[in-house]
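Here the structure is a predicted model, which means the values were calculated and not measured. Position 1 is the first residue of the sequence, and the numbers go up from there. Whatever order the structure lists ligands and atoms in, that order sets their numbers, starting from 1.
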Amino acid sequence: MSVSLHDFQRKDLIKKLKESGIKSESVLDAINKVKRELFVSPEFKRFAYENNALPISNNQTISQPYTVAFMTEVMKVEKGNRILEIGTGSGYQAAVLCELGAEVFSVERIEQLYNEAKLTLQKTNYDVKLKCSDGTKGWKEHAPYNGIIVTAGSPGLPDELVKQLADGGRLVIPVGDKDVQEIWCLTKSKDKNGKESFTTDKYQYFKFVPLIGEYGWQNANNR
Ligand code: SAM
């Protein structure tokens, strides 16, 4: 079997992700399986394996591979988990979650991106349930989720998403202002009397496009 330039570049990216501190073999394997060049437009294919965010339609971005790897590692996805992603974008993160054996649901607010991601995921044979809607309200019909990953920057923890977590579920979300956000992981637990409690772990700072919706920012400009 011949090895393409993209295969070679993908291996190099995995090496760089390891050097940057990504340890989970299952996350690295999943990233190694997804052809990122198929999730970007033709003019950006040659940059697909640089460890950078790239532009997609409507002034949005496909996240940097390190960011995808980091958030996915923090979520500790297991085979068969039901995972909700808020911010489908290109569909790349959803494809990585599929390669981990998760059942994936993803919500995107921009119709053009929703349509483009639907086509890309069909062409690449990833079975992701998609919805075009305000993801700050989650996707109640399929709740509860073992994991919820928000791939846009939020001013706080959207209540509806917290409610849709399963017992033991994790909400991984960038929280901050419009310029910089810290990755938070909220874990829900229940004691033997059914009393719910939450723990929050805080990680590194990143910069995301804003999460716009009822329980996020009201528009792209307000601060
Ligand atoms: N996960 C994407 C990928 O793999 O390409 C990258 C997502 S991009 C950094 C953030 C996305 O969140 C954008 O596509 C944006 O339109 C979307 N978004 C922002 N607010 C949203 C909301 N309330 N509901 C759903 N999607 C939202």
Side-chain angles (χ1 to χ4, degrees), residues 13 27 30-31 33-41 44-45 47-49 51-72 74-75 77 83-100 102 104-121 124 126 128-140 145 147-161 164 171-176 178-181 183 206-222:
L13 172 67
V27 170
I31 290 182
K33 285 183 184 146
V34 181
K35 297 185 167 164
R36 193 170 185 254
E37 71 273 19
L38 303 180
F39 292 80
V40 296
S41 53
F44 293 113
K45 281 194 194 305
F47 305 118
Y49 292 101
N51 192 12
N52 288 322
L54 291 170
I56 54 174
S57 309
N58 291 83
N59 287 326
Q60 302 301 315
T61 53
I62 173 171
S63 303
Q64 182 193 20
Y66 175 72
T67 311
V68 172
F70 185 83
M71 291 180 82
T72 310
V74 166
M75 203 159 52
V77 182
I83 305 291
L84 175 67
E85 177 194 27
I86 308 304
T88 315
S90 67
Y92 176 73
Q93 169 78 70
V96 170
L97 293 167
C98 286
E99 290 288 1
L100 282 162
V104 186
F105 300 83
S106 184
V107 184
E108 170 57 54
R109 66 179 278 273
I110 299 175
E111 197 171 355
Q112 185 183 352
L113 289 175
Y114 160 81
N115 285 324
E116 288 173 0
K118 190 171 175 181
L119 207 63
T120 307
L121 289 163
T124 47
Y126 288 106
V128 179
K129 283 88 181 165
L130 296 171
K131 183 179 176 182
C132 186
S133 180
D134 173 8
T136 65
K137 299 179 192 165
W139 193 347
K140 243 186 198 159
Y145 301 96
I148 301 180
I149 179 168
V150 181
T151 65
S154 176
L157 293 171
D159 268 359
E160 270 308 312
L161 297 185
Q164 292 176 27
L171 167 62
V172 180
I173 179 168
V175 177
K178 289 275 176 70
D179 298 320
V180 66
Q181 304 89 30
I183 299 290
F206 289 87
K207 181 168 173 54
F208 283 83
V209 295
L211 179 75
I212 299 170
E214 190 168 332
Y215 301 101
W217 297 100
Q218 299 312 300
N219 59 57
N221 306 316
N222 66 353

message: For residues 147-160, which residue pairs pass the salt bridge (Lys or Arg N to Asp or Glu O under 4.0 Å) check, not counting sequence neighbours?
response: Glu160-Lys163

task: Check the pair Glu116 / Ile56 against side-chain contact (heavy atoms from CB on, under 4.5 Å), numbers first and verdict last.
output: CA-CA 10 Å; Glu116 288 173 0; Ile56 54 174; 5.8 Å; no

One pair per line, please: each N/O atom of ligand 1 matched with every protein N/O atom under 3.5 Å away, atom names first, then the distance to 0.1 Å.
residue  : atom   : partner : partner atom : Å
ligand 1 : 1 (N)  : Glu85   : OE2          : 2.8
ligand 1 : 1 (N)  : Gly87   : O            : 2.9
ligand 1 : 1 (N)  : Thr151  : OG1          : 3.2
ligand 1 : 4 (O)  : Gln93   : N            : 2.9
ligand 1 : 5 (O)  : Ser90   : N            : 3.0
ligand 1 : 5 (O)  : Ser90   : OG           : 2.6
ligand 1 : 14 (O) : Glu108  : OE1          : 2.7
ligand 1 : 14 (O) : Glu108  : OE2          : 3.4
ligand 1 : 16 (O) : Glu108  : OE2          : 2.6
ligand 1 : 20 (N) : Ile212  : N            : 3.0
ligand 1 : 23 (N) : Asp134  : OD1          : 3.0
ligand 1 : 23 (N) : Ile212  : O            : 2.7
ligand 1 : 24 (N) : Gly135  : N            : 2.8
ligand 1 : 26 (N) : Arg109  : N            : 3.3

message: Quick one, Leu97 with Ile149, criterion side-chain contact (heavy atoms from CB on, under 4.5 Å). Give me CA distance, side-chain angles, the key distance, then yes/no.
response: CA-CA 10 Å; Leu97 293 167; Ile149 179 168; 4.1 Å; yes

Under 3.5 Å donor-acceptor, Asp134 side chain and Thr136 backbone: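 Present.
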
task: Would you tell me whether Gln93 and Ser63 have side-chain atoms, one donor and one acceptor, within less than 3.5 Å of each other?
output: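 Short answer, no.
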
Name of the residue among Val172, Val27, Val96 meeting side chain to side chain contact (heavy atoms under 4.5 Å, CB included) with Met71: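 For Met71, the side chain to side chain contact (heavy atoms under 4.5 Å, CB included) check succeeds only for Val172.
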
